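Since the structure comes first, as structure tokens, the remarks are kept for the end.
Each chain gets a letter, A, B and so on, in the order the sequences are listed, and its residues count up from 1. None of the values given here were measured: they were computed from a predicted structure.
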Amino acid sequence: HILKRVDQKCITTNNKKKKTMIFLYDMHARKTVFQFSGHRNIETPKPENAVTVAVSSRVLFRTEREQKVFEQQGVEEYLRYQIEHENEPFAPGPAFPFVKALEAVNARLRELYPQSEELFDIVLVTYNHAHVGIRLINTINHHNLFIERFCMTGGSSPIGYLKAWQTNLYLSADANKVREALTEGIAAATMFMPEKMTEVSESQLRVAFDGDAVLFSDESERIFKAHGLDKFFEHEKENEDRLLDHGPLKGFLEALGKLQKKFYAKGQRLDCPIRTYLVTARSAASSGIRALKTLRAWGLEIDEALFLAGAPKGPMLEKIRPHIYFDDQMFHIEGAAEMGTIAAHVPYGIAQKHNSKHNTSAGK
Amino acid sequence: MVSTDQKTDVKEKEADCPVVVAVTSHAVFESGAEDPDGLYVGGIAFPLLQALQKVNERLLKENPAESLLFDVILITTESQQQQESSRITESIRHHGLKVSRFCFSNEEDFMENLLNNNVHLFLTTNRNEALQGSQKGVLSVLLDEHTASCPTEQLRVLFCGDAVVQSEAGPALASKQAAQSFSAQIGKMRGRFGPFDSPISIALVTSRGGRESCGDALRTLRSLGVNADEAYCLAGVPRGPIKRLLRPHFLLSECFSSN
């Protein structure tokens, strides 16, 4: 069926609704048909042009009560509960400030480049059954979020859809799903609801990354874990000029960098609404050099690099107040959350075998 | 010339409310192909029939007295196939397909048969036949090669929320009613099973509109008694990859046409 768009008319229906009638010529049946587009023009960018961020309903919103119903009373009761509370919007979850910040960047990008599709595109992904999806739509409306694309899979894996939509980042509450995404080459991280969420900027998106096993591969961490700190330093010095291999979040940093350059091109470097941070346990004078050289060789600029030489990351993150901080070690994630930083765990690399609160990564 | 054949070894279905599905022999069997025994080889609609059977089996398992079942009729639509009646019935039996009635009709009278048999859904691989069916107010679905690679263990129905409306009001209206009542039956069948491990899965896709149009489509389905399992709001993204992942047996869009 080849349908060619031939005309468009705006009409007002009997119940005062404004609708657009789009006339299409059906080349096979050789007749004109029409279609109603009753809602506002949806301007979503094509996946190949946009930076697609997929968030699950459990991290975008707070759904603890519903989770409890599911766990304690089973799926039928859970579905019934959701439908019963359909008109009650969910409260914001850990990914909410991040999504709001993405929208703020979009607003600035649209001002500078009105025709461009190089924007953030936020997609909602949920394992929920679709008929409880109405509550999610109501919630999106309530919070005035610009999310027009979503995926409600009724229990099956959304990974196929994430790939089809060229997803640049996937945020979920479920580590298994995140791991599945990472295996498929999609940058992904697990988010948790912190006890408290410190206030973050509403005008500047701030994204912070750990270095090893997040932006870079876990090769150096493997050395450290297997042979200790001295061997690690030795190895890094010997290999200072050899680039580190890339890690799962490198692509996302790259995507952020591309958007940053669009602001620089319009003379807005100082006022750029995107700021990136490297927060690493590496030391500035020694092991950190290799990290910086690698970033430079990749053509990636990072706005601030903080080499903590093993000092705790919590206080530094508290100063930065990122909308999201990516780290591969649960120890750091928990430390960050204690101070109110929104942290996301990247379950990648050697650290996953050692993940516990009592693990330290001193003085890298 | 029309002749019908009543299969008596198929379980007697009560007249109550079975869902009558008519499928053409073209769709069930691959044309021009024969196996070593001279019987027909399974075609495009084969997995679909197996899925319908699976649904019936599970419905009866839940409730042995269930009357809301699929009632499958095989219909021929051309004189050539009309002559092959015994080969057709043999092939059906050989492949273990459960067909309750055979309508050996031709181009001129197959429509009459559809109407006489109170068909709720007409499945064909022939575009003209589908058009004729729609014009007479029978919900007609055109199957294509994608149907051949669909699962046999689960019937997957895809509702398309953004519909294209035919400009002639008459047939469209009848077709819409047929689509709505069929959808309601499917919804009821789906309701016989829990959220997981169901032999029917219902998905909704809206292609062009945003979340509001998808929300509206979900509400429309709900008003028909259909609770969708999956929903995809594409907001302009091409539909191809999604269809490939969903693998629906057939698509329905008439429920949402706005007249």
Whatever's closer than 4.5 Å to a heavy atom in chain B on A:Glu86 counts as side chain
Take atom NZ in B:Lys188; do more than 12 heavy atoms of anything else shown fall under 6.0 Å from it? no
Looking only at heavy atoms, the pair that brings A:Arg149 and B:Leu234 closest together is NE-O, 3.0 Å
When rounded to the nearest 0.5 Å, the distance separating CG of B:Leu218 from CG of A:Leu136 is 10.5 Å
Taking a cut-off of under 4.5 angstrom between non-hydrogen atoms, the residues of residues 155-183 of chain A near chain B are A:Gly155, A:Ser156, A:Gly160, A:Tyr161, A:Ala164, A:Trp165
Max heavy-atom pairs within cutoff under 4.5 Å with chain A, candidates B:Ala228, B:Ala203, B:Gly194, B:Pro241, goes to B:Ala228
Within a radius of less than 6.0 Å around CZ of B:Arg219, do more than 12 heavy atoms belonging to other residues, nucleotides or ligands occur? yes
Rounded to the nearest 0.5 Å, the CG atom of A:Asn141 sits from the CD atom of B:Glu212 at a distance of 4.5 Å
Rounded to the nearest 0.5 Å, the CD atom of A:Glu148 sits from the OG atom of B:Ser213 at a distance of 8.5 Å
**Prompt:** So with a 6.0 Å cut-off around CZ of B:Arg239, is the heavy-atom count from everything else above 12?
**Reply:** no
In this structure, CG of A:Asn138 is separated from CZ of B:Arg211 (nearest 0.5 Å) by 10.0 Å
The interface call for A:Asn128 against chain B, heavy-atom contacts under 4.5 Å, is backbone
So, the part of B:Arg244 with a heavy atom under 4.5 Å from chain A: the answer is neither
Of A:Ile137, A:Ile140, A:Ile134, A:Leu124, the largest count of non-hydrogen pairs under 4.5 angstrom with chain B goes to A:Ile134
